[in-house]
Amino acid sequence: MQLQQLAYFVAVAEVRHFTQAAELLRVAQPSLSKQIRALETELGASLFSRARGNITLTPAGEALLPLAKRILADVDTARLEVQELAGLRRGRVRLGATPSLCAGLLGDVLRRFHDAFPGIELLVEEGGSRDLVRDLTRGSLDLALVILPLHGDPPLSTTAILREDLVVASPAAEPENRAETGVGGRLADRGCQLPRRPYLHISDLRDRPLVMFRPGYDLREATISACRAAGFEPRFAVEGGEMDAVLRFVEAGLGIAVVPSMVLAGRPGLHGTPLIITDEDDPARGGRRAHPDHGLRRTIALAHRKDVDLTHAARAFQETLENFLVEAGLAGALPSGVETLLTP
C-alpha cells in the first residue's frame, strides 16, 4: 500500500468524482483510476460503487476513509517535524477552536504568536467541540480548544485553561424603542422578553422559544440537558445555526439562546443574563444570595492526541496561549464572565 494510493483514494472519496479528483491532484485520470484499482486489489475489496456515473463509498471504503486521512495527516506532521529539526524557519499549526473563542480571545493570541514566529503558518478551523474532537482524533488538527468533559473517551490529552459563564441572550431593545417600532409586541408574543433580574433560573426558559445550535455544538447538549433536568423539554423556534447566525436570530426577535458570555461583547442589540441552577440560589425567589459558582458554566481545555508528539510549532503555540492567559488573568484583562484556570 502506497501513500500516493491513499491520497488518490481520499481525493475521490471527498469529491465523489474520478475526473474532478484527478484535476485537483493534477494527475491524469487513467493513472488515478489505475492506482485506485491497485489499492482495491491489494485490500481485496472494492472501495467505490460505480453505478450509472454515481460514485459512492462501499462499506470497505467507509471504513478506510478515516484511517487513510489519519495516516496522511501523520505523515505530513512527521515531515514538518523533520523540517523543523533540520533548522528550517517554517512550520504549521492546525488549530481548532469554538466560535466563542474565535470571536473573543483567540485573535489576540494569534497576533502575539505571529509576531513571535512569522514563518509559522496558522490554519484555524472553527466548529463545535464535538466536531473538533473528531477532527483532532483523525489527525486533521494539531491542537484544539474543546469543552470538558469529553464524550466517548477519545485518545486525547487535555489541559483545562479557561472557565466561562453561560448566559441567556435576549433582544436588548428598551421598552420605549419597542413601542415606537412595534417590535415590543412581536417580542412579547414570541416570549422573547425575559424578567430583568440579575440572574435567571433554568426554569425561566420553560415554554420560551429557543434559537438552537446545530448538532455538534456542546452548547446544544448543555442547554437541552439543563432543561430536562429542570423537568421540561425545550421549545425550539429555529435550530441548526452556527454562532453568528444564532446571535443574529436572537437580535431579530426569533427567540432566546444560551451562549457564552464573551460572545456578547460588542453586540449592543443583545442582553445577557446569567443562569443559576437551583431555586434556592436565587434571592428573587426567597433563596440565599446567588453566587457566580452556582451558575451554568463550562470549562475549556487545550487538547492534542496522546499518541503523537506535538511539533515544535504546536508546542510554541501552546506556550504562547498559556502565557497570554496567565498575563491577562493577572491584569484583569479577560472578558467578563471568563477566568483562567492556569497559574503563574
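As the structure is a prediction and not an experimental result, all values here were calculated from the model. In what follows, every heavy atom counts, from backbone to side chain, and hydrogens, waters and symmetry copies are set aside. Residue indices begin at 1 and follow the sequence shown.
A donor-acceptor contact closer than 3.5 angstrom is absent between the side chains of Arg111 and His114. Between the side chains of Ser100 and Arg298, at least one donor-acceptor pair of N or O atoms lies under 3.5 Å.
Side-chain atoms of Ile147 and Thr98, non-hydrogen and from C-beta on, do get closer than 4.5 Å to each other. In this structure, the side chains of Leu302 and Gln318 come closer than 4.5 Å at one or more pairs of heavy atoms. Put simply, the side chain of Asn323 does not reach to within 4.5 Å of the side chain of Val326, judged on heavy atoms. Ile161 is listed as a side-chain neighbour of Leu325, based on a closest heavy-atom distance under 4.5 Å. Annotation: side chain of Val168 is in contact with side chain of Leu275 (closest heavy-atom distance under 4.5 Å). Two residues are said to be in side-chain contact when any heavy atoms from C-beta on lie closer than 4.5 Å; Ile120 and Phe113 meet this criterion. Between Leu162 and Glu339 the shortest side-chain heavy-atom distance does not fall below 4.5 Å.
No salt bridge links Glu121 with Arg94; every basic N to acidic carboxylate O contact stays at or beyond 4.0 Å. Salt bridge present: Glu40 and Arg50 bring a charged side-chain N and a carboxylate O closer than 4.0 Å. Electrostatic pairing of Asp131 and Arg214 counts as a salt bridge here, judged by a charged N lying under 4.0 Å from a carboxylate O. Ion pair Arg112/Asp115 not flagged as a salt bridge, since none of the NZ, NE, NH1 or NH2 atoms sits closer than 4.0 Å to an Asp/Glu carboxylate oxygen. Ion pairing between a basic and an acidic side chain is recognised when a charged N comes within 4.0 Å of a carboxylate O; Arg248 and Glu242 show no such pairing. A salt bridge links Asp307 to Arg70: one of the charged nitrogens lies within less than 4.0 Å of a carboxylate oxygen.
His17 places a side-chain N or O within 3.5 Å of a backbone atom of Gln20 that can act as its donor or acceptor partner.
In this structure, the ring of Phe48 has its center less than 6.0 angstrom from the ring center of Phe9. With ring centers used as reference points, Phe117 lies 6.0 Å or more from Phe317.
Heavy-atom minimum distance, Asp218 versus Ser129: OD1-CB, 3.6 Å. Nearest approach of Met262 to Gly104, heavy atoms of both residues: SD-CA, 4.3 Å.
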Worked verdict on Asp74 versus Arg305 for salt bridge (Lys or Arg N to Asp or Glu O under 4.0 Å): CA-CA 11 Å; Asp74 287 348; Arg305 280 172 51 188; 3.0 Å; yes
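The number of heavy atoms from other shown groups lying within 6.0 Å of CZ (Phe18) is above 12.
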